[in-house]
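Accompanying notes for the structure given below.
Chain identifiers are assigned alphabetically (A, B, ...) following the order of the sequence lines, protein sequences preceding nucleic acid strands; residue numbering begins at 1 within each chain. Computed over heavy atoms, backbone and side chain alike; hydrogens, waters and symmetry mates excluded.
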Protein chains: 2
Amino acid sequence: MVAMTYDPNAYPRFAVTADLVVFTLRDGELCVLLIRRGVEPYAGKLALPGGFTGPDEDIEAAAYRELQEEVGVGPEDVVLEQLRSYGTPQRDPRMRVVTVAWLALGANLPEPTAGSDAAKALWMPASKVLRRPKQLAFDHAQILRDGLDRARAKLEYSTLATAFCPEEFTVGELREVYEAVWGLQLDPRNFHRKVTGAEGFLIATGERTTRGGGRPAMLYRAGKADDLYPPILRATQ
Amino acid sequence: MVAMTYDPNAYPRFAVTADLVVFTLRDGELCVLLIRRGVEPYAGKLALPGGFTGPDEDIEAAAYRELQEEVGVGPEDVVLEQLRSYGTPQRDPRMRVVTVAWLALGANLPEPTAGSDAAKALWMPASKVLRRPKQLAFDHAQILRDGLDRARAKLEYSTLATAFCPEEFTVGELREVYEAVWGLQLDPRNFHRKVTGAEGFLIATGERTTRGGGRPAMLYRAGKADDLYPPILRATQ
DNA sequence: ACAAAAGTGTTTGTGTTACACCCATGT
DNA sequence: ACATGGGTGTAACACAAACACTTTTGT
């Protein structure tokens with residue numbers, strides 16, 4: 001990149017794709033959107049949604065576009081963050097592809113039949129998929145693994161968990177997010193104190209709901225903070 | 001990436017580069033390796049070392065190769081980890097380039113005159129560079145910023161700091177790493193207790209040194225742990 | 001009345017901070 | 001003797017875990 005002369009044909013050219021690890025909660029389980037491949041290579045296997053970046057398209061814009069085309073959701077429905085890039089020479093047998101992988105989190109994302117390209121898309125529990133990593137095409141098992149690790153880690157020290165919640169939610173619903181992503185049971189009483197005490201995490205709306213049964217619960221909206229202090233720790237190890 | 005037909009010419013082609021944020025400590029300051037550009041665009045400006053990925057080269061291998069060519073150090077001298085990718089369409093005015101940025105940390109890295117390509121390379125204090133971000137070419141100020149943020153964050157909950165230390169080091173030398181990267185003064189007594197108490201962080205060699213002056217200090221080697229528990233926290237905010 | 005979930009209070013233990021103090025070397 | 005940095009001890013405090021207990025709804 002330094003001290004090179006300009007000749008567009010003198011340098012190797014790669015295809016650049018955007019692959020998405022899209023997580024949502026369904027029935028208290030963390031689910032990932034996968035697509036059943038119809039063509040070779042890896043025909044019949046499952047793959048992460050994704051596609052090529054256009055010649056004049058920002059790599060982040062490509063991720064949002066794929067999200068719209070393959071998942072049927074817009075930027076306002078999800079939180080998107082870059083995961084990492086994967087570029088082993090033989091990761092796609094057809095050509096040299098470098099993929100930029102993205103993590104997308106949303107609440108109540110729709111059944112994928114809505115999108116046009118997404119006829120063969122389905123939500124699967126992430127833990128179940130990772131128990132049989134070989135059913136995934138390309139290096140997508142590794143990408144999914146990395147995406148899950150990232151999501152789990154970020155719940156601790158960021159407010160990312162609210163991305164899995166609707167506009168207004170209860171502390172109990174937020175706890176279900178943590179329990180689903182971490183695969184752990186948390187003490188409802190200590191959890192309540194922690195999240196309501198973390199500066200900028202939750203904003204009380206003043207309203208209550210009984211939708212979970214039991215005593216009516218306060219409704220909250222996500223606060224402005226991005227980082228959590230103090231963090232919500234997973235375990236004292 | 002899904003349900004596409006194979007035609008190598010049907011997809012946009014990008015140049016893919018590896019850019020490096022190489023940090024080392026010099027005189028107790030966190031320094032980054034920069035290269036003075038001799039040609040347009042951005043002639044005369046400073047840039048991160050980096051270069052094109054070869055057609056059959058792994059993206060990580062490209063990073064290690066650039067490290068060897070432009071910094072003159074091999075894989076055994078540094079810790080390398082992927083930072084993130086940058087691919088705004090106009091980030092390089094000559095052509096469409098997606099760069100995968102890497103963070104490289106090492107102890108006592110050499111003056112860059114040794115490498116052949118690196119005649120115009122120099123170490124500069126990272127904080128000084130970021131005070132005038134406009135002196136950097138391309139989007140390299142953003143990449144450096146992200147690299148510094150990552151390094152600072154990882155000192156808290158990983159054993160990454162030992163990457164800045166020689167094979168054997170004292171607790172005081174390790175503390176200087178934290179102080180240089182965070183730009184803070186730490187209490188030597190509490191720091192000592194924390195790092196010697198963190199499981200798998202340090203292995204005592206049984207030897208002592210007086211190289212820092214004062215009472216002889218125990219020498220340690222880096223332990224096998226990657227994650228720190230408990231973490232070394234930056235501030236109670 | 002009872003189940004269920006929300007929310008508060010309390011105890012106990014662990015980790016952090018701030019700082020007094022002693023240790024072992026070089027000059 | 002003194003300066004310098006290494007290292008231990010300790011009290012005050014913040015936070016987390018565990019759990020008893022009260023509150024407010026639906027059935």
Legend entry - Nearest-neighbour nucleotide for the B/Arg208 side chain, D/dG7, C/dG7, C/dA24 considered: D/dG7
Legend entry - Given C/dA18, D/dA17, C/dT17, the nucleotide with the shortest approach to the side chain of B/Asp187: C/dA18
Legend entry - Between B/Asp19 and B/Thr99: side-chain donor-acceptor atoms closer than 3.5 Å: yes
Legend entry - Separation of D/dG5 C1' from B/Glu179 CD (nearest whole Å): 13 Å
Inset, instruction - Grab the CG-C1' distance between A/Leu233 and C/dT16 for me, whole Å please. - result: 14 Å
Inset, instruction - Look at the side chain of B/Asn190 and decide which nucleotide, out of C/dG7, C/dA18, C/dT25, has an atom nearest to it. - result: C/dA18
Inset, instruction - Tell me which of B/Arg215 and B/Thr196 sits closer to the 5' end of DNA chain D, going by the nucleotide each one is nearest to. - result: B/Arg215
Inset, instruction - Measure distances between side-chain N and O atoms of A/Arg193 and base N and O atoms of C/dG9, and say whether any donor-acceptor pair falls under 3.5 Å. - result: yes
Legend entry - Polar side-chain contact B/Arg189-C/dA20 base: donor and acceptor under 3.5 Å: yes
Inset, instruction - Would you indicate what B/Arg175 reaches in the nucleic acid, counting non-hydrogen atoms under 4.0 angstrom: base, sugar-phosphate, or nothing? - result: sugar-phosphate
Legend entry - Whole-Å distance separating the CD atom of B/Glu207 from the C1' atom of C/dA24: 18 Å
Inset, instruction - Please determine if B/Asp149 and B/Arg145 form a salt bridge, counting it only when a charged side-chain N lies under 4.0 Å from a carboxylate O. - result: yes
Legend entry - Lys/Arg-Asp/Glu bridge criterion (N-O < 4.0 Å) met for A/Arg150, A/Glu81: yes
Legend entry - Rounded interatomic separation in angstrom, taking NZ from B/Lys194 and C1' from C/dT17: 8 Å
Inset, instruction - Nearest whole angstrom, please: distance from the P of C/dG7 to the CG of A/Leu174. - result: 12 Å
Inset, instruction - Provide, to the nearest angstrom, the distance between the CG atom belonging to B/Leu184 and the P atom belonging to C/dA18. - result: 12 Å
Legend entry - Nearest-angstrom distance from the residue atom CD1 of A/Ile232 to C1' of D/dA16: 11 Å
Inset, instruction - For A/Trp182 and A/Arg152, indicate whether the former's side chain and the latter's backbone hold a donor-acceptor pair under 3.5 Å. - result: yes
Inset, instruction - Could you tell me whether the phosphate oxygens of D/dG7, OP1 or OP2, come under 4.0 Å of any side-chain nitrogen or oxygen in B/His192? - result: yes
Legend entry - CA sep, side-chain torsions, deciding dist, call: A/Phe169, A/Val177, side chain to side chain contact (heavy atoms under 4.5 Å, CB included): CA-CA 11 Å; A/Phe169 53 91; A/Val177 171; over 6 Å; no
